[in-house]
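What follows is a short report on a single structure.
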Amino acid sequence: TFTSSRISSLNRHMKTHTNEKPYTCHLCLKAFRTVTILRNHINTHTGTRPYKCDDCDMAFVTSGERARHRRYKHTHEKPFKCSMCAYASVEASKLKRHIRSHTGERPFQCHLCSYAGKDAYKVKRHMRTHSGERPYECHVCHARFTQRGTMKIHVLQKHGENVPKYQCPHCDTVTARKSDLRVHLLKLHTYEAAEMKCRYCSAVFHERYALIQHQKTHKNEKRFKCEHCSYACKQKRHMAVHVRTHTGEKPFACLSCNRRFQQKQLLNVHVKKYHDTTFVPTVYRCPRCGKGYSRLVSY
DNA sequence: AGATCTTGCGCCCTCTGCTGGATTTAA
DNA sequence: ATTAAATCCAGCAGAGGGCGCAAGATCT
């Protein structure tokens, strides 16, 4: 809907609706509407960049490109302001893209799955998850990656020296990645409404790290205490055996005579002594070291 | 008509942070 | 030896910066 007070402008505007392109590039045969556009186009072939930036050594084909560059790099003027937050941009298209992060609109649909992106690049990058393409290679170990950023972090962590570390403010844990420190804080240093009980005593905690530290203080104690007598031991399995002296339970039966034992070891000794025909009893024992022999010659 | 702004689309880049499987460590 | 939890790590998406290029609009 073009409106103008002058008939000449209207005529000129009407020309934009015709597809007349009389000016042709002799290098690539592309056609253009005006000589100026053609000239700019040829400059892209020849590398001629007449518009130099005053503040750095960049140069551009059009004055508009230079103006935009100066906003980005030097004046930092950002005319496009977001009405919902503090964001401002140099270009209208950037504001438009930004607005989608408020609205959640995702106009760019992947044609292979349900993913949709807020801009075209997201979908393009996403397509690598379908193609399996991994364009970025580590120059040291030649491992390949789907994104450059992932490759860079790999090179830093695996092959770099004086790698940055993330120190936990609450304990001496150090992680290589910031997001892993976040996970650590969440799992170990977050207040839990539910009480967490010590495995060995009645102490109660609301922070996992405190619980674990506390449980370590039990480490060299005989943590397993018999309910029926004063016996205590460091290992759970020892207590299991001990408890049978109170219950009288004898889980191990001899297959030959059906005699029962509290401990497997006791059964083994029994079998060897009474039912193993190849077993030779110790007859001659050395008085100095206690070692036993079946024959006098060996002794 | 030509020159010069202004718009608009496109391409590619970086930084950032979450996730879940693999590996290591401790009980 | 087994197992549970912690840490490592690559995959992958969100958000935004910067430039290339040509068409549209306006000025001279």
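Letters A, B, ... are given to chains in the order of the sequence lines, protein chains preceding strands, and every chain is numbered from 1.
Across all strands, A/Met151 comes closer than 4.0 Å to no nucleic acid atom at all (heavy-atom distances). Among the heavy atoms of the strands, none lies under 4.0 Å from A/Arg70. Nucleic acid contact class of A/Ser179 (heavy atoms, under 4.0 Å, all strands): base. If you check every strand for non-hydrogen atoms under 4.0 Å, A/Gln157 touches nothing.
Taking atom NZ of residue A/Lys96 and atom P of nucleotide B/dG8, one finds them 8 Å apart after rounding to whole Å. We find that CD1 of A/Ile153 is positioned 18 Å from P of C/dT7, with the value rounded to whole Å. Here the P atom of nucleotide B/dG21 and the CG atom of A/Asp180 are 15 Å apart, to the nearest Å. We find that NE2 of A/His69 is positioned 16 Å from P of C/dC21, with the value rounded to whole Å. Whole-Å rounding puts the A/Met58 CE to C/dC19 C1' distance at 7 Å. If you measure from atom CZ of A/Arg177 to atom P of C/dG11, you get 12 Å, rounded to the nearest angstrom. Note: CG (A/Leu156) to P (B/dT16) measures 13 Å, nearest angstrom. If you take OH of A/Tyr166 and P of C/dC8, they are 13 Å apart, rounded to a whole angstrom.
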What N/O pairs connect the protein and nucleotides 14-17 of chain C at under 3.5 Å? Give each pair on its own line.
from	atom 1	to	atom 2	distance (Å)
C/dG14	OP1	A/Arg106	NH1	2.8
C/dG14	OP1	A/Arg106	NH2	2.6
C/dG14	OP2	A/Tyr115	OH	2.5
C/dG14	N7	A/Arg125	NH2	2.8
C/dG14	O6	A/Arg125	NH1	2.9
C/dA15	OP2	A/Lys118	NZ	2.4
C/dA15	N7	A/Lys122	NZ	2.6
C/dG16	OP1	A/His98	ND1	3.2
C/dG16	OP2	A/His98	ND1	2.9
C/dG16	N9	A/Arg97	NH2	3.4
C/dG16	N7	A/Arg97	NH1	3.4
C/dG16	N7	A/Arg97	NH2	3.1
C/dG17	OP2	A/Tyr87	OH	2.8
C/dG17	N7	A/Arg97	NH2	2.8
C/dG17	O6	A/Arg97	NH1	2.9

Please list each protein N or O that sits under 3.5 Å from an N or O in nucleotides 4-7 of chain B, with the distance.
from	atom 1	to	atom 2	distance (Å)
B/dC5	OP2	A/Ser63	OG	3.0

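Side chain of A/Val183, nearest nucleotide from B/dA27, B/dT19, C/dG20: B/dT19. Looking at the side chain of A/Tyr136, the nearest of the listed nucleotides C/dC12, C/dC9, B/dC13 is B/dC13. In the set C/dC12, C/dA10, B/dT19, the nucleotide with an atom closest to the side chain of A/Thr129 is C/dC12. Among the nucleotides B/dC15, B/dA27, C/dC9, the one closest to the side chain of A/Lys152 is B/dC15. Among the nucleotides C/dC8, B/dT19, C/dG20, the one closest to the side chain of A/Arg68 is C/dG20.
Considering A/His130, A/Lys124, A/Lys122 as possible partners of A/Cys110, the one that fulfils the side chain to side chain contact (heavy atoms under 4.5 Å, CB included) test is A/His130.
The base of C/dC12 is paired with the side chain of A/Thr150 by a donor and an acceptor separated by under 3.5 Å.
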Donor-acceptor contacts, no H, no angles, side chain residues 62-72 of chain A, under 3.5 Å, sequence neighbours left out:
from	atom 1	to	atom 2	distance (Å)
A/Thr62	OG1	A/Glu65	N	3.2
A/Thr62	OG1	A/Glu65	OE2	3.0
A/Arg66	NH1	A/Lys52	O	3.1
A/Arg68	NH1	A/Glu91	OE1	3.0
A/His69	NE2	A/His74	NE2	3.4
A/Arg70	NH1	A/Asp55	OD2	2.8
A/Arg70	NH2	A/Asp55	OD2	3.0
A/Arg71	NE	A/Glu77	OE1	3.2
A/Tyr72	OH	A/Glu91	OE2	2.6

Only distances under 3.5 Å count here; give the side-chain donor-acceptor pairs of residues 78-87 of chain A to other protein atoms, sequence neighbours excluded, each with its distance to 0.1 Å.
from	atom 1	to	atom 2	distance (Å)
A/Lys81	NZ	A/Lys78	O	2.9

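A donor-acceptor pair is defined here as one N or O able to donate and one able to accept, closer than 3.5 Å; such a pair exists between the side chain of A/Gln157 and the backbone of A/Ala176. A donor-acceptor contact shorter than 3.5 Å is absent between the side chain of A/Glu195 and the backbone of A/Phe205.
Separation of atoms CE (A/Met151) and CG (A/Leu156) is listed at 12.0 Å; rounding is to 0.5 Å. Rounding to the nearest 0.5 Å places CD of A/Gln167 at 9.0 Å from OG1 of A/Thr175. Here the CE-NE2 distance, from A/Met196 to A/His214, works out to 12.0 Å after rounding to the nearest 0.5 Å. Considering SG of A/Cys171 and NE2 of A/His184, their distance stands at 3.5 Å, rounded to 0.5 Å.
One finds a side-chain N or O of A/Lys178 lying less than 4.0 angstrom from the OP1 or OP2 phosphate oxygen of B/dG17. Using a 4.0 Å cut-off, some side-chain N or O of A/Arg148 falls inside it from OP1 or OP2 of B/dC13.
Remark: DNA chain B forms stems of 3 or more consecutive Watson-Crick or G-U wobble pairs, all pair distances under 3.5 Å, at B:1-27 with C:2-28.
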Report task. Could you go through the side-chain hydrogen bond (donor to acceptor under 3.5 Å, both in side chains) check for A/His206 and A/Glu192 one step at a time? Result -> CA-CA 5 Å; A/His206 288 278; A/Glu192 303 280 344; over 6 Å; no

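Aromatic pair A/His154/A/His159: centroids less than 6.0 angstrom apart.
More than 12 heavy atoms of other residues, nucleotides or ligands lie within 6.0 Å of CG in A/Leu186, so this atom counts as buried by the packing criterion.
With a 4.5 Å cut-off on side-chain heavy atoms, A/Tyr136 and A/Thr146 do not count as touching.
With salt bridges taken as basic N to acidic carboxylate O contacts below 4.0 Å, none links A/Glu133 and A/Arg128.
Here the closest non-hydrogen pair linking A/Ile153 and A/Thr150 is CG2-O, 3.1 Å.
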Report task. Give the B/S/- string for nucleotides 1-6 of chain C, one per nucleotide from 5' to 3', where a protein heavy atom under 4.0 Å of the base yields B, of only the sugar-phosphate yields S, and otherwise -. Result -> ----SS

